[in-house]
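I have placed the structure first, in the form of structure tokens, so that the comments after it can refer back to it.
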Amino acid sequence: MKKTLYIILAGALLATSCDNELDRLNPNAPTTELFWQNATDAQQGVNAIYSTLHRGAISRWQWFYFTIRSDEGFSVSPATDIINNMDRFLVTDLNYGNMVGVYSDNYIGIFRANQVLDNVPNIDMDPALKQRLIGEAKFLRGLYYFNLASLWGNVPLLLQTSQPSDLPPTSPREQVWAQIEQDLTDAAAALPVSYTGNDIGRATKGAANALLAKTYMQAGDYSAALEPLEWLVKGEGSTVYDLIPDYRDNFLKSTENNPESVFEWQFAENPSEFTDNDVQTPNQNYGTSLPQFLSPANVGFSDGEAFRWLVKEFEEEKTANGERDPRLAASFIFDSTDVRGPEFTMVYGRTFKERYGTDNRRVWFRKFLSDTDPGRTGEGFRSANNYRYIRYSEVLLLYAEALNAVGRTEEAYPYVDRVRERVGLAPLSDVKPGLNQQQFLEQLKHERITELAGEGHRWNDLDRWGYFTDQQKINELIQRDPAFANFKVGRDEFLPIPQRDVDINPNLSQNPNW
């Protein structure tokens, strides 16, 4: 799929009309009436939904909102708009471009999914393929709404192909979660367990069940999350997915789509294209520009960095052999990525000492980078390194969290043990047996940060654990990330709906206190 999904339909599928005689439709342009005719059209329509993941706002800035805005990261970018609007809760513009881009691009994905769902059922084609394509469209619509519900909370629900005259009302977050749950339930019933050949990387039954479980948990329904998680952990999914031996292999181009990958955003390099907008030119960007914005100073833009407290979190315990947790070096570039120190830590062909000296305390997220590629001296705007969006290790930790939440703490231990033992840590059941429900949750917070640091899940974790509605918990975050001193309970849990949308749609309500 990495080389075959990149067929972009752009705006050609949207037929428009206008009363102005000067605005005439091109009679040679494709329209919806001409397009949705056969299985090839259906396939290309679904491919266009996937291609939305390549758009710069989603593949880059959305991660900033989930990670840099959380207590994991911060920005010292020369672009002060990034610092204020995306890090320090000092939003100066309700139409801030990067925010609007993330909001709009997710709705572009939803628009493309709705076209598939409105038109593919009417195509005369192989029933099994039709069912699968509809399942993929529902999964992807659920994914894009998951992003919107996570960041904006209360957003319009568009479940049919939108028209220029539509003025959809705001839907409360609970209703958005419920729609996502329905889409993902339908997707899980329609999608195959796995693919072969060029279709590897498409949404599967396991991906739908994993995202469904995450949605239930974000909505506070841990009991409902158990069923899709059990399919993955105890049912058929347990024969498909597993932890791979080397943790670092989850983040290398050479080991993409491995058995630990439940859903992976597929990226590829198109050397002939220099943009990160999949509708700007005929030669679309199939890659991600995120590494260029995360790579260390003097290598890339370094617009987002990690806090040093994360390093200390990994250093809390040694492996059973008395060594450092190997996930630390896989997760960050810092003065001691190589445990021997800055003289041995390599940063794109040069030592850390050569680049930054021996007393530099900066830490950069590593998982998306290509720093180990032979001859690589920097990053670029078209990285082909896939984003492992849901890994099986997270599924195991989610299952443990759900079991604990419903009072089955003792049953949750083995799933944390699997994650720890993969990297050589002693089983939790040996080092901390008999934890009560709250103690186990506190331990899970540590387990998730050491396993999943920098992968874009932290904002949802903090939200799910009730940090954004409790000033005492905000005070806890301030100790790790001073930017949270600006966080206003009752406002900053959600981003503002772009004001331009509110201004033109009287049925939209702005989020509270914006």
Side-chain angles (χ1 to χ4, degrees), residues 66 70-72 146 149-150 174 177 180-181 184 206 209-235 237-238 241-243 247 260 262 310 313-314 316-317 325 327 390-423 425-453 455-470 472-474 476-477 480:
F66 281 125
S70 81
D71 61 341
E72 281 189 332
F146 183 88
S150 297
E174 294 75 15
W177 289 135
I180 299 167
E181 291 160 8
L184 295 174
N209 275 320
L211 189 56
L212 175 60
K214 286 169 69 73
T215 305
Y216 279 133
M217 291 172 70
Q218 291 305 128
D221 194 345
Y222 289 88
S223 294
L226 288 175
E227 182 177 351
L229 287 171
E230 285 171 353
W231 184 91
L232 286 152
V233 175
K234 294 183 174 181
S238 65
Y241 304 106
D242 200 0
L243 303 181
Y247 177 82
E260 191 165 338
V262 180
L310 291 168
E313 195 81 12
F314 284 85
E316 286 188 4
E317 59 182 318
D325 188 330
R327 295 175 296 186
I390 303 176
R391 295 191 291 113
Y392 196 57
S393 61
E394 186 190 10
V395 169
L396 296 173
L397 293 177
L398 289 171
Y399 189 46
E401 185 177 341
L403 287 171
N404 180 63
V406 299
R408 296 162 59 184
T409 303
E410 195 62 32
E411 296 176 53
Y413 270 91
Y415 307 103
V416 177
D417 289 348
R418 284 182 65 180
V419 175
R420 290 170 58 89
E421 290 171 342
R422 186 259 295 275
V423 292
L425 296 177
L428 185 64
S429 51
D430 288 347
V431 297
K432 293 186 178 182
L435 295 176
N436 63 33
Q437 189 178 47
Q438 184 58 41
Q439 291 169 336
F440 194 86
L441 176 59
E442 292 304 312
Q443 181 65 33
L444 274 173
K445 294 177 184 179
H446 167 78
E447 302 295 342
R448 282 188 67 85
I449 203 66
T450 50
E451 177 66 24
L452 303 168
E455 294 182 42
H457 306 300
R458 182 66 173 175
W459 185 265
N460 285 98
D461 288 351
L462 295 174
D463 186 14
R464 184 172 69 255
W465 297 329
Y467 275 82
F468 301 145
T469 57
D470 185 331
Q472 286 189 327
K473 289 187 175 182
I474 293 297
E476 177 188 331
L477 295 179
R480 296 194 290 266

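When reading the values below, keep in mind they use all heavy atoms of this one structure, side chains included, and skip hydrogens, waters and symmetry mates. Quick caveat: nothing in here was measured; it's all calculated off a predicted structure.
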*Around Glu316, counting heavy atoms of other residues, nucleotides and ligands shown, do more than 12 lie under 6.0 Å from its CD?*
yes

*Heavy-atom count around Glu227 CD within 6.0 Å, excluding the residue itself: above 12?*
no

When rounded to the nearest 0.5 angstrom, what distance separates [atom1] in [X] from [atom2] in [Y]?
X      : Y      : atom1 : atom2 : answer
Asp71  : Leu462 : CG    : CG    : 5.0 Å
Phe314 : His446 : CZ    : NE2   : 8.5 Å
Glu394 : Glu401 : CD    : CD    : 9.5 Å

*Does the pair Arg418/Asp242 count as a salt bridge with the N-to-O cut at 4.0 Å?*
yes

Between [X] (side chain only) and [Y] (backbone N and O only), is there a donor and an acceptor less than 3.5 Å apart?
X      : Y      : result
Tyr222 : Asn404 : no
Asp417 : Ser429 : yes
Tyr413 : Gly434 : yes
Tyr467 : Asp461 : no
Arg420 : Pro427 : no
Gln437 : Ala405 : yes

Over all heavy atoms of both residues, which pair between [X] and [Y] is shortest? Give the atoms and the distance, please.
X      : Y      : answer
Ala400 : Ala412 : O-CB, 3.4 Å
Ser150 : Phe66  : CB-CE2, 3.7 Å
Asp470 : Gly466 : CB-O, 3.7 Å
Tyr415 : Leu403 : CE1-CD1, 3.9 Å
Ser70  : Arg458 : OG-CG, 3.4 Å
Tyr247 : Thr450 : OH-O, 4.1 Å

Does any non-hydrogen side-chain atom of [Y] lie less than 4.5 Å from one of [X]?
X      : Y      : answer
Leu397 : His457 : no
Tyr399 : Glu230 : yes
Glu317 : Asp325 : no
Leu435 : Gln443 : yes
Arg448 : Leu398 : yes
Leu243 : Arg391 : no
Lys214 : Ile180 : no

*Stepwise, does the side-chain contact (heavy atoms from CB on, under 4.5 Å) test hold for Asn436 with Thr409?*
CA-CA 7 Å; Asn436 63 33; Thr409 303; over 6 Å; no

_Geometric cation-pi criterion Lys445 and Trp465, 6.0 Å radius, 45° cone_ = yes

_With side chain to side chain contact (heavy atoms under 4.5 Å, CB included) as the test, pick out the partner of Glu181 among Leu212, Leu211, Asp221._
Leu212

*Who passes side-chain contact (heavy atoms from CB on, under 4.5 Å) against Ser238, sequence neighbours left out?*
Tyr392

*Given side-chain contact (heavy atoms from CB on, under 4.5 Å), test Ile449 with Glu72 step by step and report yes or no.*
CA-CA 9 Å; Ile449 203 66; Glu72 281 189 332; 3.1 Å; yes

*Could you give me the CA-CA distance, side-chain angles and deciding distance for Phe440 and Val416, then say whether side-chain contact (heavy atoms from CB on, under 4.5 Å) is met?*
CA-CA 10 Å; Phe440 194 86; Val416 177; 3.9 Å; yes

*Might you work through the salt bridge (charged side-chain N to carboxylate O under 4.0 Å, His left out) test for Arg422 and Glu451, ending with a clear yes or no?*
CA-CA 11 Å; Arg422 186 259 295 275; Glu451 177 66 24; 3.0 Å; yes

*Quick one: do the Glu442 and Gln438 side chains pair a donor with an acceptor below 3.5 Å?*
yes

